[in-house]
Amino acid sequence: SAPKARVAVDTMPMEERTFICEERYPDFRKALLARGWVQNMDMHSDRFDLKWAFYQQIDHRRLRPDQIVNHFDGTQSLCLKSELTHALRQNAWSTCHVPSTVIYPRSYDFRDPMDR
């Protein structure tokens, strides 16, 4: 049977490796549980060793040096494919003197009317 998630609480021993994971990553969650990690179900908790979440769900100002998250602070334009696509479209020609599709796979942002 599959490992069951346990809710980490303030009484949990600190030596247990604890993670917080956005629900859209079930395979990542399963892999950590299979390795003996304990899941903290509270996305807003500061009790974790590893947090795998959307950029907006991470408060980089409150992170301790021993905590790991899946997004670096101030890198949203690199972490979101749509933002990276827009940045390359705007700057590739002036920086590299080539169209962005030469250095980056063709990508579309369907929020942009030009890509529809």
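Here the structure is a predicted model, which is why all the values come from computation and not from measurement. Values below: all heavy atoms of this structure, side chains included; hydrogens, waters and symmetry mates excluded.
Leu33 and Trp52 fall within a single hydrophobic cluster, where Ile, Leu, Val, Met, Phe, Trp and Tyr side chains are chained together by heavy-atom contacts under 4.5 Å.
Separation of atoms SG (Cys21) and CZ (Phe28) is listed at 6.0 Å; rounding is to 0.5 Å. Atom CD1 of Ile58 is separated from atom NZ of Lys51 by 6.5 Å, given to the nearest 0.5 angstrom. Once rounded to the nearest 0.5 Å, the distance linking CZ of Arg61 with CG of Asp59 reads 4.5 Å. How far CG of Leu32 is from CG of Asp49: 10.5 Å, rounded to the nearest 0.5 Å. One distance of note links CD1 of Ile20 with CG of Leu50; it measures 9.0 Å at 0.5 Å rounding.
Under 3.5 Å, the side chains of Asn40 and Ser45 contain a donor-acceptor pair of N or O atoms.
Scored by the side-chain hydrogen bond (donor to acceptor under 3.5 Å, both in side chains) test, Asp66 finds Arg64 as partners (sequence neighbours excluded). In this view, Asp46 and Arg62 satisfy the side-chain contact (heavy atoms from CB on, under 4.5 Å) rule, not counting sequence neighbours.
Across every non-hydrogen atom of Glu16 and Val38, the tightest pair is OE2-CG2, 3.6 Å. Heavy-atom minimum distance, Met43 versus Gln57: CE-OE1, 3.7 Å.
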Worksheet item: side-chain contact (heavy atoms from CB on, under 4.5 Å) between Leu63 and Val69: does it pass, once the steps are laid out?
Response: CA-CA 9 Å; Leu63 289 176; Val69 295; 3.8 Å; yes
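With contacts defined as side-chain heavy-atom distances shorter than 4.5 Å, the pair Gln39/Arg29 qualifies. Glu22 has its side chain within reach of Phe54: a pair of non-hydrogen atoms, C-beta onward, lies under 4.5 Å apart.
The aromatic rings of Trp37 and Phe19 sit perpendicular to each other, their planes meeting at more than 60°, with 30° as the lower class boundary.
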